[in-house]
Asker: 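Sharing a structure, written as structure tokens. Questions coming.
Note that these values count all heavy atoms, side chains included, but never hydrogens, waters or copies made by symmetry. It should be emphasised that the depicted structure is a prediction, and the values quoted were computed from it without experimental measurement.
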Amino acid sequence: MTIATFNLDAARNGDVYRAARLAMLTQQVMRHIERTDASAQNVEQMLATLAEANALVRQ
């Protein structure tokens, strides 16, 4: 009985590695999109608050 040796080059170029890397990158992209969306919502809320404050001052 022989035990297969671990080949780093084969591991980095294998289908399992590529699938895992793609899953990690997809998760990172989704996290960045969610953070960007949350930041954009905060900016929209602050702009609405500023617009309301300016409207009150002008009246």
Asker: Who else is in Leu47's hydrophobic cluster (ILVMFWY, side-chain heavy atoms under 4.5 Å, direct or via others)?
Answerer: Val43
Asker: Can you tell me how far the CD atom of Glu44 sits from the CG atom of Asn42, to the nearest 0.5 Å?
Answerer: 9.5 Å
Asker: Side-chain polar contacts of residues 25-38 - donor-acceptor pairs under 3.5 angstrom, sequence neighbours left out - could you list them?
Answerer:
residue: Thr26; atom: OG1; partner: Leu22; partner atom: O; Å: 2.7
residue: Thr36; atom: OG1; partner: His32; partner atom: O; Å: 2.8
residue: Asp37; atom: OD2; partner: Gln41; partner atom: NE2; Å: 3.4

Asker: Residues in salt bridge (Lys or Arg N to Asp or Glu O under 4.0 Å) with Arg18, at least two apart?
Answerer: Asp15
